[in-house]
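The analysis underlying the following values was restricted to heavy atoms, covering all of them including side chains, and did not include hydrogens, waters or symmetry mates. Fair warning: this is a prediction, and the values are worked out from it, not measured in the lab. Residue numbering restarts at 1 for every chain, and letters A, B, ... go by the order of the sequence lines.
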There are 2 protein chains.
Amino acid sequence: MVTIRDVAKESGFSSTTVSIVLNDAPLARYIPVVTKKRIERAAEKLGYRPNQFARSLRSKRSHTVGVMVFDMTDPYCTLVLRGIENTLYQASYLPILTDVHNERSRFERYLEMLLDRRIEGLIVLANWLFLDINLLADLEKSSIPTTLIGCELKGDSMSSVIVDNEVGGYAALEHLHSLGHRKIAFIRGPKTLADSSPRWRGIRKCTKERGLDIDNQLVVDLPDSRDPLSSFEAGQKLTEEFIKQKREFTALLAFDDMTAFGAIRALDKHGWRVPERCSVTGFDDVAASALCTPPLTTIRQPMEAMGAGAVGIVLEGINSVLEKREVAAQHRKVAPQLVVRDSTRKAG
Amino acid sequence: MVTIRDVAKESGFSSTTVSIVLNDAPLARYIPVVTKKRIERAAEKLGYRPNQFARSLRSKRSHTVGVMVFDMTDPYCTLVLRGIENTLYQASYLPILTDVHNERSRFERYLEMLLDRRIEGLIVLANWLFLDINLLADLEKSSIPTTLIGCELKGDSMSSVIVDNEVGGYAALEHLHSLGHRKIAFIRGPKTLADSSPRWRGIRKCTKERGLDIDNQLVVDLPDSRDPLSSFEAGQKLTEEFIKQKREFTALLAFDDMTAFGAIRALDKHGWRVPERCSVTGFDDVAASALCTPPLTTIRQPMEAMGAGAVGIVLEGINSVLEKREVAAQHRKVAPQLVVRDSTRKAG
DNA sequence: TCCCGAAGTTCGATTTAAATG
DNA sequence: GCATTTAAATCGAACTTCGGG
């Protein structure tokens, strides 16, 4: 491996000068162009690449950000990760990806590993259940800029980027209502999930504004679970129960896309064609929603932008600590967007 | 930050002794238990965590593996990444994730960044088009243990893990044939894609063994493209052309799941119900295949196992270079598996 | 000779302080 | 004092060598 000393020897200058020149440090102002040229040529010739370990040891910087996903297999992750990666790339940071598999022990172990690597920032993708408040305590004391995606934590120790669930819930119901649907079934999110209640609040807001009645017999909750696939199965089962109980409805508003997929499966099984016999809406707009037939009408979370936003906040935080500024946590709530596809149509 | 010297001071021993004890180095045999206890207690008390930069600088090891994905948004990635992550975790390695977005410049930049970080191994997920042989040359000279997933490169500089496309192609057609289908349409992979021809070879093998005729009018190729979504669109378009040309077929064998989704969309649009009027098979078994309705019959690539296998090979390689052993590249070909769901059924 | 522990060197780059003409 | 260059200290851990009992 060629070191700075090799370049010094080759160029005939000291390693100090080489360092100053190659880093274009302030002192480089005083160094004549010929010297610079000679040093640069020598570095080039030898193919010199500075050792990052030595550099980091000295500067205490890693140019690395930790990314912690709670369950990689959740389709929600993909685009968020893309947004994170792309924004880090622009800033010449590299991400260390960890997947805690919804396990506490794994979370703790990974957190220690990341801290040991002196990550300069941390992004946590708390996509699904994230019950354990104690975990967050561990995070708070880590004192590095941290941003949560998909889960808000009041207070100014940790930033967050979440979707505006209320607006999304409202938009979903508004869409169905304006298509003429009046008898609508609802599969709400799990009670312990933070997204569930604001999403429902948006729905209630819409019913009030539009004078729509909700039949309590047509409202069910997804059970608590840490497995993203479970909402598919639960969606299927709950929809099947609606049908077996001979409930009448012309549309079904599902908590998320997975639930909607499960619901569609159940409807299909009982000969209820979508959208002819029953319209279905989801939430998230995961990749599969555009791929399946009929493609799903859903509320899109701007996932790539959310990932990018989280990185932006973390990068700001990093710069703040470098300049010893104090910066309060940011809490961004981004607007979702109704995406109309073919799983919904006019009632009747 | 608490250093080893702080622990030395606190415990009353030298930093040498502290290092020996905390790392349980060979010399630790000679150190009395009381000394060890005192040192461990001091370290505990101060919350000492060794500085990884210093450690890496000395040991020249990073305990880090680079993971290079060609397009993160390809649904194929998710499970492979999970397999990679999980296996690295067991071995206490951390992955740096990079997504080259199918761009050459990005590939080169990321490769340099990873090399600068002194990654000990590299895993490349060449899921989709990976035409540029020159890129591989860059990789070869990097001289760190490298494994390609989804693309084989003969020679012993780089290992690979691929699915047995021939077996998969064979299994797909065998399934359709044994359901009684005789008029089958085929959407083959892009000509430039390495997977395409062995998959087709498997299909031809099956036709020969079973005496099945293939109508050349019912065989088309996916166009070349770097975008994974394009195979959805192409699948849709090509299927539509089959229909418009009034070709008769009772089953369609698609190159991959994305293509199959596109085909199903086209069939549905023209009132050809799946599977009643036409059976459809895919290849890969991406997450969406189990979620859509009808769920897709497909050939599953054991993606998680492939990711795990690639890590295994890389880890072996790392150990080999540590022990200065020479180890030839491995080329693993894993068997795919037919997954029968509801998009196929008996003909007639 | 055997055990235990410490002093000093090394890894490679950055930076401070200081020496040249 | 100015422009130009450099010796030496530093970052934190690990390993080699050596000395005392």
Undergrad: Could you give the CZ-to-P distance, from B:Arg118 to C:dA13, as a whole number of Å?
TA: 8 Å
Undergrad: Within less than 4.0 Å of OP1 or OP2 of C:dA13, is there a side-chain N or O belonging to A:Tyr48?
TA: yes
Undergrad: What nucleic acid atoms does B:Thr35 come within less than 4.0 Å of, heavy atoms only: base, sugar-phosphate, or nothing?
TA: sugar-phosphate
Undergrad: Mind listing the residues from residues 11-21 of chain B sitting with a heavy atom below 4.0 Å of DNA chain C? Number order is fine.
TA: B:Gly12, B:Phe13, B:Ser14, B:Thr16, B:Thr17
Undergrad: Is the shortest heavy-atom distance from the side chain of A:Ile144 to the side chain of A:Ile119 under 4.5 Å?
TA: yes
Undergrad: Salt bridge or not for B:Arg41 and B:Glu10, using N-O below 4.0 Å?
TA: no
Undergrad: Within less than 4.0 Å of OP1 or OP2 of C:dG12, is there a side-chain N or O belonging to B:Lys60?
TA: yes
Undergrad: Taking salt bridge (Lys or Arg N to Asp or Glu O under 4.0 Å) as the test, write out the residues that go with B:Asp6, two or more places apart.
TA: none
Undergrad: Quickly work out the B:Ile4 CD1 to C:dA7 P distance and round it to whole Å.
TA: 14 Å
Undergrad: For B:Arg106, is there an ion pair with B:Glu108 - N to carboxylate O distance below 4.0 angstrom?
TA: no
Undergrad: Tell me which of A:Leu27 and A:Phe53 sits closer to the 5' end of DNA chain C, going by the nucleotide each one is nearest to.
TA: A:Phe53
Undergrad: Rounded to whole Å, please give me the gap between CG in B:Asp116 and C1' in C:dA13.
TA: 14 Å
Undergrad: Answer yes when A:Glu40 and A:Arg38 have at least one side-chain N-carboxylate O distance shorter than 4.0 Å, and no when they do not.
TA: no
Undergrad: Quickly work out the A:Arg55 CZ to C:dT15 C1' distance and round it to whole Å.
TA: 14 Å
Undergrad: Between A:Ile31 and A:Ala54, which is nearer to the 5' end of DNA chain D once each is assigned its nearest nucleotide?
TA: A:Ile31
Undergrad: Between P on C:dT14 and CG on B:Leu57, what's the gap in Å once rounded to a whole number?
TA: 12 Å
Undergrad: Strictly by modelled atom types, are B:Arg109 and A:Ser92 linked by a side-chain donor-acceptor pair under 3.5 Å?
TA: yes
Undergrad: Do the side-chain N and O atoms of B:Ser19 and B:Thr16 include a donor-acceptor pair separated by under 3.5 angstrom?
TA: no
Undergrad: For A:Arg58, which contact category applies under a 4.0 Å heavy-atom criterion: base, sugar-phosphate, or nothing?
TA: base
Undergrad: Atom OH of A:Tyr30 to atom C1' of C:dT20: distance rounded to whole Å?
TA: 17 Å
Undergrad: So, B:Thr98 side chain and B:Val67 main chain: donor-acceptor pair closer than 3.5 Å or not?
TA: yes
Undergrad: Categorize A:Ser59 for me: base, sugar-phosphate, or nothing, with a 4.0 angstrom heavy-atom threshold over every strand shown.
TA: nothing
Undergrad: Identify the 5'-most and 3'-most nucleotides of DNA chain D with at least one atom closer than 4.0 Å to a non-hydrogen atom of chain A.
TA: D:dT4 to D:dG12
Undergrad: Does A:Ser62 use its side chain to pair, donor to acceptor, with the backbone of A:Arg118 at less than 3.5 Å?
TA: yes
Undergrad: Quick one: A:Arg5 CZ to C:dT14 P, roughly how many Å, whole number?
TA: 11 Å
